[in-house]
Trainee: 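Starting off with a structure, shown below.
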Amino acid sequence: MAVPPASWTILATLRWTADYFGAKGVPEPRASAEILLAHTLGVSRLDLYLRYDQPLNPCELARFKALMVRRREGEPVAYLTGHREFWSLDFRVTPAVLIPRPETETLVAAALEAAKEHHPETQNLKPETPPLRGAEVGVGSGAVVIALAKELPQMAWVGLDTSGPALAVARDNARRHGVLHRVHFLQADLLAALKPAETFSLLVANLPYVPRAEWERLPREIKAFEPPGALLGGEDGLDLIRPLIRQAQHYVTAGGWVLLEVGDRQAPQVTAFTEATGAYDRIESIKDFSGVERVVRARRLGGTG
């Protein structure tokens, strides 16, 4: 292990911690060290290098070492700092919610494309026009529904989740981003809390989809710290996606879209389930930045184009 530096300046602390994390098998050791030290000092990562020769005082060093130990034991950086960036927005996260992943931005992008196609006139709506409506099932931290609410100011949203603690985090994030007045959060099992007459132009969902066999192989950093209920989707990962597909057709307007985030190699099966309902006239899968078919998108019968 690296020899402790004679003086714990910012740069010396970063170098020593990155070496230490690397020796302990911590993923992305340098980035972990930078994020945790910046969080401890209340500065940006860039500031660390602008102030590289600044020494840490005993209190700062003690706080940083406490975080370092927790990171060494596998606790995710996002839970240690309480924050995660998603769609260029800062979200508060706690162990009650799944940490937002970059690949889920594919779901947001696909929903924005669908909204533009379904309602190309949204940019010219008059202030007195009733708002268009969207829904997200399984909101977690609220990252997806809040990103969509920010991008689509003409729409009102319903956010549903089974977890009360997760909904508390989502409400706080919606408040922080100034969209709480347009997102109504409900604790519910899938769409059970909605009235039969409620319909939406967009219905998006990022439900648990990790199959049990894959769950067993996940890193400890995920299995030991993130909520299993937000990840584990049964034997084949589709225990919640199947019933949602059956329900969704009753809550989406003609020409509206259902968008589902799915796991690797699940898109063909989810597409087949969706086709079997006979409720959609266009079904497509969309790849994420890694080339994985990440989103299945289906348009409700009755649209044009």
Side-chain angles (χ1 to χ4, degrees), residues 78 82-94 96-101 104-207 230 244 247-248 250-253 255-261 300:
H83 295 270
R84 180 62 170 247
E85 183 179 299
F86 179 86
W87 202 255
S88 298
L89 300 170
D90 176 68
F91 288 92
R92 187 172 75 86
V93 295
T94 75
V97 300
L98 189 70
I99 298 168
R101 266 59 172 185
T104 299
E105 293 190 354
T106 307
L107 180 62
V108 175
L112 293 176
E113 289 177 3
K116 183 177 180 181
E117 176 175 320
H118 184 41
H119 289 289
E121 76 284 3
T122 53
Q123 299 302 318
N124 299 312
L125 290 179
K126 297 179 180 179
E128 65 271 17
T129 304
L132 304 171
R133 302 180 74 230
E136 186 194 4
V137 185
V139 296
S141 66
V144 170
V145 72
I146 291 167
L148 289 171
K150 294 284 283 186
E151 294 284 353
L152 299 168
Q154 306 86 358
M155 293 188 70
W157 293 84
V158 173
L160 304 126
D161 204 292
T162 58
S163 168
L167 286 169
V169 174
R171 286 191 187 96
D172 181 57
N173 279 322
R175 185 179 300 108
R176 292 174 64 239
H177 287 292
V179 297
L180 185 58
H181 63 294
R182 288 194 292 111
V183 186
H184 180 53
F185 293 101
L186 288 173
Q187 188 168 2
D189 181 8
L190 297 180
L191 300 172
L194 299 180
K195 298 175 183 178
E198 291 192 77
T199 55
F200 304 92
S201 300
L202 292 177
L203 193 155
V204 302
N206 181 15
L207 294 170
L244 181 63
Q247 296 173 23
H250 304 296
Y251 295 92
V252 179
T253 58
W257 289 86
V258 176
L259 299 100
L260 308 168
E261 178 168 332
R300 188 73 170 86

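Predicted, not measured: the structure shown is a model, and the values here were computed from it.
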Trainee: From L260 CG over to L203 CG, what is the distance, rounded to the nearest 0.5 angstrom?
Mentor: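 Reported to 0.5 Å precision, the distance equals 8.0 Å.
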Trainee: Please give me the minimum heavy-atom distance between T162 and A188, naming the atom from each residue.
Mentor: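 Heavy-atom minimum between the residues: CG2-O, 3.2 Å.
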Trainee: Identify the heavy atoms of G159 and L167 that sit nearest to each other, and give their distance.
Mentor: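 It is O-CD2, 4.2 Å.
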Trainee: Flag the pair W157 / L152 as yes when at least one side-chain heavy-atom distance between them is below 4.5 Å, and no otherwise.
Mentor: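 A side-chain contact under 4.5 Å exists here.
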Trainee: Look up atom CD1 in I146 and atom CD in E151, then write down how far apart they are to the nearest 0.5 Å.
Mentor: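 Rounded to the nearest 0.5 Å, the CD1-CD separation comes to 13.0 Å.
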Trainee: Are W87 and K150 side-chain neighbours, meaning at least one heavy-atom pair lies under 4.5 Å?
Mentor: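 A side-chain contact is absent here, since even the closest heavy-atom pair is not under 4.5 Å.
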Trainee: Find the distance between CZ (R176) and CG (D90) and round it off to the nearest 0.5 Å.
Mentor: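 Interatomic distance, R176 CZ to D90 CG, rounded to 0.5 Å: 5.0 Å.
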Trainee: State the CG-CZ distance between L194 and F200, to the nearest 0.5 angstrom.
Mentor: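 Between L194 CG and F200 CZ, I get 5.0 Å after rounding to 0.5 Å.
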Trainee: Of the non-hydrogen atoms in A205 and L244, which two are nearest, and what is the gap between them?
Mentor: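 Looks like CB-CD2, 3.5 Å.
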Trainee: Okay, side chain of R182, backbone of M155: is any donor-acceptor separation there less than 3.5 Å?
Mentor: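 Checked: pair present.
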Trainee: If you take all heavy atoms of A111 and V204, which pair is closest and at what distance?
Mentor: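 Where A111 meets V204 most closely, the heavy atoms are CB-CG1, 4.0 Å.
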Trainee: Quick one, V93 and V169 - any side-chain contact, counting heavy atoms below 4.5 Å?
Mentor: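 They are not in contact (no side-chain heavy atoms under 4.5 Å apart), so the answer is no.
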Trainee: State, yes or no, whether a side-chain contact exists between V183 and E136 at a heavy-atom distance under 4.5 Å.
Mentor: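 Counting from C-beta outward, V183 and E136 never come under 4.5 Å.
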Trainee: Answer whether the closest heavy-atom distance between the side chains of L202 and L148 falls below 4.5 Å.
Mentor: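 Heavy-atom side-chain distance check fails, nothing below 4.5 Å.
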Trainee: Could you measure the distance from the CG atom of L160 to the CZ atom of F185? Nearest 0.5 Å is fine.
Mentor: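 Here the rounded value is 10.0 Å.
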Trainee: Who passes side-chain contact (heavy atoms from CB on, under 4.5 Å) against A143, sequence neighbours left out?
Mentor: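 Listed in chain order: F86, F91, P100, S141.
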Trainee: With sequence neighbours left out, which residue pairs that include part of residues 185-199 fulfil the side chain to side chain donor-acceptor pair (under 3.5 Å) condition?
Mentor: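 Non-adjacent pairs meeting side chain to side chain donor-acceptor pair (under 3.5 Å): R133-E198.
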Trainee: Can you find a heavy atom in the side chain of L112 that is under 4.5 Å from one in the side chain of K116?
Mentor: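 A side-chain contact under 4.5 Å is absent here.
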Trainee: Looking at side-chain heavy atoms only, is the closest gap between V139 and V144 below 4.5 Å?
Mentor: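 With C-beta onward as the side chain, the pair stays apart.
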Trainee: Rounded to the nearest 0.5 Å, how far apart are CZ of R101 and CZ of R84?
Mentor: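 Rounded to the nearest 0.5 Å, the CZ-CZ separation comes to 7.0 Å.
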Trainee: Would you indicate whether the side-chain heavy atoms of T253 and R300 approach each other to under 4.5 Å?
Mentor: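 They are not in contact (no side-chain heavy atoms under 4.5 Å apart), so the answer is no.
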